[in-house]
Amino acid sequence: MKIALTVALLAVSNAFMTFAWYGFLNRPGESQPMAWWKLVLLSWGVAFFEYCFMVPANHIGRQAGLSLAQLKITQEAITLIIFVPFMLLWMGEHWKWDYLWAFICVLGAVFFVNREALMS
């Protein structure tokens, strides 16, 4: 249960962080960008909520027995799950099959960092 809660909290935190880091970039065809200092303040405001989910996620995951490597690799995989739809739907980027192959490599990392737990 704690691991599922960790993954859910990581997913929510990654959604906030994706918007904090990339959500304010201009999409193709948009007008003038905002001043950089306004973007920084806005991003920090969004990132605050990311921390409200990330810190408890890591704390709960660690209590559940996850190693730091397991927490980080899991977070990276979740980042891609959140980022790819964001990139395609929100930012209007085009799909490349290399993204799939890269994602499979990250899933391989998730497997290898969790292999002992999966095999027992």
Side-chain angles (χ1 to χ4, degrees):
M1 183 64 183
K2 283 186 175 183
I3 293 175
L5 179 58
T6 298
V7 170
L9 290 170
L10 287 173
V12 173
S13 78
N14 270 282
F16 278 109
M17 205 60 193
T18 297
F19 276 92
W21 284 5
Y22 305 105
F24 306 112
L25 296 176
N26 278 14
R27 292 184 258 179
E30 282 190 342
S31 60
Q32 288 285 63
M34 212 183 291
W36 71 267
W37 62 270
K38 290 180 183 178
L39 291 172
V40 168
L41 293 175
L42 198 53
S43 292
W44 281 353
V46 174
F48 168 78
F49 295 101
E50 183 266 345
Y51 282 96
C52 289
F53 291 94
M54 179 67 78
V55 172
N58 287 326
H59 184 71
I60 293 166
R62 192 69 167 165
Q63 285 181 332
L66 296 175
S67 70
L68 292 178
Q70 288 171 317
L71 284 168
K72 184 60 181 171
I73 295 297
T74 301
Q75 183 265 331
E76 293 300 332
I78 292 168
T79 296
L80 287 176
I81 291 169
I82 300 292
F83 185 77
V84 170
F86 168 84
M87 175 187 72
L88 298 172
L89 302 172
W90 181 263
M91 296 301 291
E93 300 266 331
H94 297 289
W95 174 258
K96 294 181 182 177
W97 283 104
D98 287 343
Y99 300 155
L100 175 63
W101 311 132
F103 185 61
I104 289 171
C105 289
V106 172
L107 289 179
V110 171
F111 170 77
F112 284 111
V113 80
N114 290 294
R115 181 171 46 163
E116 288 179 12
L118 294 171
M119 298 300 181
S120 60

- Report yes if the distance between the aromatic ring centroids of Phe19 and Trp90 is under 6.0 Å, otherwise no. yes
- Does atom CD of Glu116 have more than 12 heavy-atom neighbours, drawn from other residues, nucleotides or ligands, at distances under 6.0 Å? no
- Item | Other residues, nucleotides, ligands: >12 heavy atoms within 6.0 Å of Tyr51 OH | no
- Scanning both residues in full, the closest heavy-atom pair of Ala57 with Leu9 reads CB-CB, 3.5 Å
- Query: About how many Å separate OG1 of Thr6 and CD of Gln75, when rounded to the nearest 0.5 Å?
  - Reply: 12.5 Å
- Should Trp36 and Tyr22 be regarded as members of a common hydrophobic cluster, given that ILVMFWY residues are connected when their side-chain heavy atoms come within less than 4.5 Å of each other, either directly or indirectly? no
- Query: Looking only at heavy atoms, what is the nearest atom pair of Val113 and Ala69, with distance?
  - Reply: CG2-CB, 3.5 Å
- Should the ring pair Phe86 and Phe83 be called parallel, tilted or perpendicular, given that the plane angle runs from 0 to 90° and is split at 30 and 60? tilted
- Message: Do Tyr99 and Leu25 land in one hydrophobic cluster if side-chain heavy atoms of ILVMFWY residues count as linked below 4.5 Å?
- Response: yes
- Are Ile81 and Val84 connected in the hydrophobic side-chain network, where two residues link if heavy atoms are under 4.5 Å apart? no
- Message: Please determine whether residues Leu68 and Val110 belong to a single hydrophobic cluster, defined as Ile, Leu, Val, Met, Phe, Trp and Tyr linked transitively by side-chain heavy-atom distances below 4.5 Å.
- Response: no
- Query: With a 4.5 Å heavy-atom cut-off, do Asn14 and Glu50 have their side chains touching?
  - Reply: no
- Nearest heavy atoms of Asn114 and Gln70, plus distance in Å: OD1-NE2, 2.9 Å
- Message: So does Leu10 get a backbone contact from the side chain of Ser13, meaning a donor-acceptor N/O pair under 3.5 Å?
- Response: yes
- Message: Do Ser43 and Trp21 make a side-chain contact, defined as non-hydrogen atoms from C-beta onward lying under 4.5 Å apart?
- Response: no
- Query: What are the two closest heavy atoms between Ser67 and Arg62, and how far apart are they?
  - Reply: CA-NH1, 3.5 Å
- With a 4.5 Å heavy-atom cut-off, do Asn58 and Met54 have their side chains touching? yes
- Message: With a sphere of 6.0 Å drawn around CZ of Phe103, does it hold more than 12 non-hydrogen atoms of other residues, nucleotides or ligands?
- Response: yes
- Cluster check Trp97, Met87: I/L/V/M/F/W/Y, side chain < 4.5 angstrom: yes
- Item | Nearest heavy atoms of Gly61 and Leu71, plus distance in Å | CA-CD2, 4.0 Å
- Task: Please report the shortest heavy-atom distance between Ala47 and Ala20, naming the atom on each side.
- Result: N-CB, 3.9 Å
- Item | Ile82 side, atom CD1; Thr79 side, atom OG1 - distance, nearest 0.5 Å | 8.0 Å
- Are Leu100 and Trp95 close enough that some pair of their side-chain heavy atoms sits under 4.5 Å apart? yes
- Note on the structure: d(Ile78 CD1, Thr18 OG1) to nearest 0.5 Å is 11.0 Å
